[in-house]
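Here is the structure we will look at.
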Number of protein chains: 2
Amino acid sequence: MTETVPFQTNCRACPLRQKPAFRSLEGKELDFISDFKTGELTVEAGATILQEENKTPHLYTILEGWAFRHKALADGRRQLLNFALPGDLVGLQLAVLKDMQHSVTALTDTTLCVFQRDKVWSIFKDHPTLAFSMTWIAAREEQILDGQIISLGQRTALERLSYLILHLYDRAQHVGYAGNQALDAPFSQSHLSDALGITPVHTSRTLRKLQEKELISWSKDQIRVLDRDALEKLASYESISEDPRPLI
Amino acid sequence: MTETVPFQTNCRACPLRQKPAFRSLEGKELDFISDFKTGELTVEAGATILQEENKTPHLYTILEGWAFRHKALADGRRQLLNFALPGDLVGLQLAVLKDMQHSVTALTDTTLCVFQRDKVWSIFKDHPTLAFSMTWIAAREEQILDGQIISLGQRTALERLSYLILHLYDRAQHVGYAGNQALDAPFSQSHLSDALGITPVHTSRTLRKLQEKELISWSKDQIRVLDRDALEKLASYESISEDPRPLI
DNA sequence: CGGACTGTTGATCGGTATCAATGCTCGTGG
DNA sequence: CCACGAGCATTGATACCGATCAACAGTCCG
């Protein structure tokens with residue numbers, strides 16, 4: 001199911017860091033990161049990266065692929081909390097709170113940078129820039145979750161779906177997974193359902209409605225945003241910051 | 001509406017810090033905090049502490065009272081994102097992301113410690129313990145928001161209400177605002193509605209149902225938790241960490 | 001005393017869930 | 001190469017949770 005590959009991306013030549021979406025990093029911090037990273041983990045689509053009960057003491061950054069955080073109630077109802085894309089930190093709650101109340105699953109085949117959790121403290125002790133980045137990343141996650149909360153609490157299914165599509169499009173675009181109206185969408189309708197808090201049946205109908213209005217088109221593994229302005233208006237969309245963000 | 005009071009709580013004698021719910025702090029960090037705090041702000045119930053558009057560059061900690069973070073859609077639909085109780089940081093997103101997409105309003109008369117935002121960086125540069133605390137606090141907020149998301153996405157109104165009551169009871173108890181089954185509940189049913197994503201009418205009916213089942217009793221400004229076990233089961237409740245937490 | 005706000009209750013409406021049947025795609029094995 | 005089964009998506013019929021509309025009661029406060 002999972003395997004550690006011998007070939008690893010050197011942090012100094014990290015392909016993510018080159019992207020304009022991310023802040024550049026100076027020598028000392030970059031050296032630390034290189035040392036902080038102990039390896040890479042490649043998992044197949046569907047594999048569990050972190051599980052609620054199982055306290056693997058790891059902190060990861062996604063290097064390539066899609067994953068998602070999710071949580072279940074005792075009777076099995078599941079809710080997708082957030083997606084994770086390249087550059088997103090995975091396992092922060094576990095690393096700092098020493099407790100995690102959600103699981104993380106790979107959506108596509110995914111490669112993660114593995115960090116030594118026992119060195120987390122030296123980030124704070126010796127690398128204020130990186131420490132600030134940790135807080136920054138956590139605050140950004142909060143902002144995304146705030147958006148989900150107002151979606152689930154106030155928006156109708158149609159609005160929610162529109163919002164989610166725009167949100168994912170923007171995040172994907174920053175890391176090169178979307179562009180020119182097309183979002184590479186490796187998720188099934190049931191993933192969308194779990195994120196939106198509606199049933200798969202209703203997700204299907206709602207997607208159809210957006211297509212009939214010619215706002216999007218949905219084909220296997222791809223969503224095309226046909227009328228962004230109309231979608232934004234329908235969803236009452238508010239984009240998250242477009243500024244370069246820190247990468248750990 | 002708002003006023004700065006001359007009498008201020010000295011951080012070294014902070015009444016919150018005495019409570020077992022919070023971690024104690026050593027000399028150097030405590031000195032810094034004392035210096036970091038520039039004043040206190042006391043606002044009346046209903047006053048706006050931070051507003052989405054208005055970028056007051058302030059970071060606060062609640063010293064006394066209840067507040068809440070909230071967010072609205074373009075057409076006026078409102079969603080309460082989270083409550084804030086003594087010891088909770090307010091304005092973190094603004095402080096680190098320099099962008100805030102929600103507002104914060106006082107629920108009761110509230111006193112806040114005001115920090116100098118331009119000294120935020122020195123937390124990271126010179127006080128790793130406090131820097132870690134910032135990240136810790138942000139991660140805890142994430143955890144709470146995760147809980148809200150699964151509530152809004154998966155739980156019925158009755159389950160949601162039960163969950164919220166237990167959640168608020170526990171948080172309030174840590175800071176002395178609840179105990180012996182009774183939660184001092186300074187919020188109206190419409191506040192609950194905004195948090196739960198249901199209408200006030202339905203909130204009233206749902207509260208009534210919980211009372212008929214004799215799980216709670218609701219009287220003006222007070223909720224009594226009559227049958228905690230049954231509530232936990234109904235809500236599929238999962239408590240957040242009870243460990244002492246950092247206080248800035 | 002009167003008005004504003006909050007909460008209660010009843011009647012009806014509508015959005016989404018649920019149940020059920022069918023089609024579609026794709027991987028697997030005969 | 002086809003048959004089959006397993007998921008996933010579509011579509012229709014019906015049920016139900018919570019929204020909406022409306023009227024009224026209770027409380028607080030000026």
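Residue numbers begin at 1 in each chain, while the letters A, B, ... track the order of the sequences. As a basis for the values below, the full set of heavy atoms in this structure was taken, side chains included, without hydrogen atoms, waters or symmetry mates.
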Completion exercise
side-chain contact (heavy atoms from CB on, under 4.5 Å) filter on Asp227(A), not counting sequence neighbours, yields Leu215(A), Asp229(A), Ala230(A)
Problem - Contacts of Gln51(B) that satisfy side-chain contact (heavy atoms from CB on, under 4.5 Å) - sequence neighbours left out - result: Thr48(B), Glu53(B), Asn54(B), Ser103(B)
Fill in the blank from the handout: Here the ring pair (Phe, Tyr, Trp, His ring centres under 6.0 Å) pairs for residues 41-64 of chain B, sequence neighbours left out, are His58(B)-Tyr60(B)
Handout entry: Ring center gap for Phe187(A) and Phe68(A) short of 6.0 angstrom
Key = no
Problem - Donor-acceptor pair between Glu40(A) and Gln8(A) side chains, under 3.5 angstrom - result: no
Practice task
Verify whether one side chain among Gln101(B) and Asp146(A) offers a donor that lies under 3.5 Å from an acceptor in the other.
Solution key: no
Handout entry: Note: Asp88(B)-Arg245(B) ion pair, threshold 4.0 Å (strictly below)
Key = yes
Handout entry: Bend angle of the helix from dC1(C)-dG30(D) to dG30(C)-dC1(D), from helix axes over five pairs at each end, nearest 10°
Key = 30°
For atom [atom1] of [X] and atom [atom2] of [N], their distance in whole Å:
X         : N       : atom1 : atom2 : value
Leu161(B) : dG7(C)  : CG    : P     : 13 Å
Trp218(A) : dT10(D) : CH2   : C1'   : 13 Å
Ile223(B) : dG7(C)  : CD1   : P     : 11 Å
Leu152(A) : dT16(C) : CG    : P     : 12 Å
Arg77(A)  : dT18(C) : CZ    : C1'   : 14 Å
Asp75(A)  : dA17(C) : CG    : C1'   : 15 Å

Problem - Presence of Arg208(A) side-chain N/O under 4.0 Å of dT11(D) phosphate oxygens OP1/OP2 - result: yes
Practice task
Compare side-chain N and O positions of Ser204(B) against OP1 and OP2 of dT8(C) and report whether any pair is under 4.0 Å apart.
Solution key: yes
Exercise for the section: For nucleotides 18-30 of chain D, just jot down a letter per nucleotide in 5' to 3' order: B, S or -, based on protein non-hydrogen atoms under 4.0 Å. Expected result: BSBB---------
Exercise for the section: Identify the two heavy atoms, one from Ala235(A) and one from Glu159(A), that lie closest to each other, and give their separation to 0.1 Å. Expected result: CB-O, 3.8 Å
Fill in the blank from the handout: With Tyr237(B) as partner, the option from Leu231(B), Leu166(B), Ile165(B) fulfilling side-chain contact (heavy atoms from CB on, under 4.5 Å) is Leu166(B)
Exercise for the section: With the side chain counted from C-beta on, respond yes when Leu152(B) and Arg160(B) share a heavy-atom pair under 4.5 Å apart, and no when they do not. Expected result: yes
Fill in the blank from the handout: Expected list for residues 189-196 of chain A near DNA chain D, using heavy atoms below 4.0 Å, is Gln189(A), Ser190(A)
Completion exercise
The side-chain hydrogen bond (donor to acceptor under 3.5 Å, both in side chains) partner of Arg171(B) among His174(B), His167(B), Gln173(B) is His167(B)
